[in-house]
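Worksheet for the structure shown next.
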Amino acid sequence: MRGNQNMLERFRCIAKRLVDEHSAEVFVRKAVRSESGTDHVYYNHLDDLGRQLNEQAEQFIGGYKSISDDLKTEIWNTCRKYVEQFVKRNHPGFY
C-alpha cells in the first residue's frame with residue numbers, strides 16, 4: 001500500500017510540473033498579447049497539456065510490470081484533476 005502511495009505521489013509531481021509550466025506560459029503570453037489572441041493561447045496549451053498528461057500516464061503505467069487497477073484509476077483521475085485545475089486557473093477572462 002505504501003508503495004502505491006509513493007508511485008501516485010511521483011506521478012502527481014510530474015502532473016503538477018506540467019500544469020505549472022503550461023500555466024506560466026499562458027500567463028506570460030496573455031500579458032504580452034492583446035485580448036483577441038488569449039483564447040487561442042489558452043486552448044493550445046489546454047490541448048498540449050491533455051496530450052502530455054496522457055503520454056506521461058501511459059509511460060508511467062507502462063514502466064511497472066505489475067500495477068493494480070486501482071492505482072491505474074487513481075493515475076487517470078489525477079490527470080483529470082490537474083486538467084480541471086489548469087482550466088480553473090487559466091480559462092479566458094480569469095485575469
Specify whether Phe86 and Tyr42 have parallel, tilted or perpendicular ring planes, treating 30° as the upper limit for parallel and 60° as the lower limit for perpendicular.
-> parallel

Can you tell me how far the CG atom of Asp39 sits from the NE2 atom of His91, to the nearest 0.5 Å?
-> 10.5 Å

Which residue, Arg80, Lys88, Lys81, forms the salt bridge (Lys or Arg N to Asp or Glu O under 4.0 Å) with Glu84?
-> Arg80

Asp47 and Arg51, any side-chain heavy atoms less than 4.5 Å apart = no

Within a strict 4.5 Å, meaning less than it, do heavy atoms of the Ile61 and Trp76 side chains meet?
-> yes

Of Gln56, Glu74, Lys16, which meets side chain to side chain contact (heavy atoms under 4.5 Å, CB included) against Phe11?
-> Gln56

Report the distance from atom OG of Ser23 to atom CD of Gln85, rounding to the nearest 0.5 Å.
-> 7.0 Å

Is there a side-chain contact between Tyr82 and Leu18 (heavy atoms, below 4.5 Å)?
-> no

Side chain to side chain, Leu53 and Ile14, heavy atoms closer than 4.5 Å | no

Rounded distance [0.5 Å steps], SG in Cys79 versus CD in Glu55 | 11.0 Å

Carboxylate-amine/guanidinium contact Asp20 Arg17, below 4.0 Å = no

For the residue pair Met7 and Ile75, establish whether any side-chain heavy-atom pair is separated by less than 4.5 Å.
-> no

Could you give the distance from CG (Asn90) to CD (Glu25), rounded to the nearest 0.5 Å?
-> 11.0 Å

Rounded to the nearest 0.5 Å, how far does CZ of Arg29 lie from NE2 of His45?
-> 5.5 Å

Glu21 versus Leu49: any side-chain heavy-atom pair under 4.5 Å?
-> no

